Amino acid sequence: MNHIYKLHARLLKTGHHNHPLALRRLLLSCSASAPASLSYARSIFDLIAFPDTFSFNTIIRAHADSSPSFSLSLFSKMRMAGVSPDHFTFPFVLKACARLQTGLDLHSLLFKLGFDSDVYVQNGLIHVYGCCGFLDFALTVFEEMPERDLVSWSSMITCFAKNGFGYEALALFQRMQLGGTVKPDEVIVLSVVSAISILGDLELGKWIRGFISRSGLEFTVSLGTALVDMFSRCGCIEESMRVFDEMGERNVLTWTALINGLAVHGRSAEALRMFYEMRNHGFQPDHVTFTGVLVACSHGGLVSEGWHVFESIRNEYGMEPLPEHYGCVVDLLGRAGLLKEACKFVERMPIRPNSIIWRTLLGACVNHNYIELAEKVKEKINELDSYHDGDYVLLSNVYGGVGRWAEKAGVRNSMREKRISKKPGCSLINVNHLIHEFVAGDNNHPQFESIREFLVSMIDILKVVGYTPDISNVLFDIEEEEKESTLAYHSEKLAVAFALLCFKDRRTIRVMKNLRICHDCHCFMKHASDVFEREIIIRDRNHFHHFSKGSCSCRDYW
DNA sequence: GTAGGGTTAG
């Protein structure tokens, strides 16, 4: 910022401070500086009597990241003022659109103005379509491009990954390399690392790390941070720690990635220790760091430590807690069974509780069998967002937990009336470089019969050592025997049975699941890890469960 | 003066 002030002072001194060219230069300087100088950029912009295309472009660009809606309002202002956009304008406008997940109607405008054949614009379109979930549109733009650069490939790779097509993202990266015309750079490798993180496929994770060292790319802090995060998401927190230890330089994102990793792997005390160590190294935590530490505390049952961290956000760091921090505290109290305190906290929060906060409270009610409270909380959720299948499942679990089958059936009826269906559970497992998918209630796997047979025999064996199927959470009011078989074919059980059939050695079994693991599967896995002498790692929607020798890393606190 | 990337509560 200093050089901008100096520049401004010099302009004032020489009497050029109102000269359009001087103002343009000044505008460009502060727009390219830190976000803190944006208000200064706006005041310079306001001094320009008749902003031209260049000035509009500069100010739109400056706000595209941090206040995208302001960028779009500037774009409208530009159009109203009759200032023509050029091929620089649209990449900036599209960036703002991508952040807001909007602006799909821009395509026809750029087509009309003849900018649709510009590579920068096309890349921007891929990015926008990707962020809005319109994968097909993004792919059409991508495939029809006469020439693609690195940004086209990385935008399309990210687009696949963010929309749940991780393996397609990887395939596209292979296709890019086979084409041989573009050489991967740091950013594109980061897109690939991110795709692998979403997939949680450790084999691929190891491969990309090897790729990076072979590629001759500089091992930057960003790449290291991405690997720390990736290994944790692939279920291997030890590898995250190894990468972290080997990094010569780290920043707040690196520390935060490790803290989050430790938190989701149930290593709460270590996460908290890293948080304090990070401060000793002189790094200032940000909002994301606090979220990670609070998650660690809530999952580790560290109530007073978590509360202390939460209070420190405002008292020690002078920052305003975000909704996610309040959410973490609700979880912290709720998980520990302090439901009254959690409710009081929600009532007194200075921000309006959102549906996630209520949902967190609902989860706590289920875990601790607070039925009346659960009903009230569900009503709160209905006011905000009533079509979330998971809430009905949770409420149904509260009734099931105490054997109130009639109410449980009532929940099922109201789901039917509202045409809400429970999202099927789905588990993925990598066996000999092939991904196998198991979906609850689906027998499409080519070896389904033998897997089913083996699973039935597994259940029999585990029952001998104390496993009792817990049918209270089965959603439907069906016969007891049928409830047991519904449970038996939960996707993670099928995946683990399949792994035991395939892996004759004692290697760790790693499963990725789309939903939270249920109590029954959790209990099944603990026994299975003991009887079959295997480590089983399951990544569910939020966390990792490491089953070994009959117990789980979450210490059943989830 | 252009676009793609690393950490975010249930």
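Labels below follow one simple rule: chain letters A, B, ... track the order of the sequence lines, proteins then strands, and each chain is numbered from 1. Since the model is a prediction, treat every value here as computed from it, not as a measurement.
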Query - Close approaches to DNA chain B from residues 123-139 of chain A, in residue order (heavy atom, under 4.0 Å) - result: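 Going residue by residue through residues 123-139 of chain A, the ones with a heavy atom under 4.0 Å of DNA chain B turn out to be A:Asn123, A:His127.
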
Report task. Tell me which residues in residues 219-235 of chain A put a heavy atom below 4.0 Å from DNA chain B, sorted by number, or none. Result ->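 Residues of residues 219-235 of chain A that come under 4.0 Å of DNA chain B are, in numerical order, A:Val221, A:Ser222, A:Thr225, A:Asp229, A:Arg233.
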
[X]: which residues meet the salt bridge (charged side-chain N to carboxylate O under 4.0 Å, His left out) condition with it, sequence neighbours left out?
X        : result
A:Arg61  : none
A:Asp52  : A:Arg24
A:Arg242 : A:Glu239

[X]: which residues meet the side-chain contact (heavy atoms from CB on, under 4.5 Å) condition with it, sequence neighbours left out?
X        : result
A:Ala138 : A:Ile126, A:Tyr129, A:Met156, A:Cys159
A:Leu384 : A:Arg352, A:Ser355, A:Trp358
A:Val182 : A:Leu150, A:Trp153, A:Met176
A:Met274 : A:Phe244, A:Trp255, A:Leu258, A:Ile259, A:Leu262, A:Glu277

Report task. For A:Phe92, check ring pair (Phe, Tyr, Trp, His ring centres under 6.0 Å) against everything at least two apart and list the hits. Result ->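 Not a single residue meets the ring pair (Phe, Tyr, Trp, His ring centres under 6.0 Å) criterion with A:Phe92.
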
Query - Boundaries of the DNA chain B segment in contact with chain A, non-hydrogen, under 4.0 Å - result: B:dG1 to B:dG10

Listed pairs under 3.5 Å, donor-acceptor, residues 291-303 of chain A side chains, sequence neighbours left out:
residue  : atom : partner  : partner atom : Å
A:Thr291 : OG1  : A:His287 : O            : 2.8
A:Thr291 : OG1  : A:His325 : NE2          : 3.2
A:Ser298 : OG   : A:Val295 : O            : 3.1
A:Ser298 : OG   : A:Asp331 : OD2          : 3.2
A:His299 : NE2  : A:Arg335 : NH2          : 3.2
A:His299 : NE2  : A:His543 : NE2          : 2.7

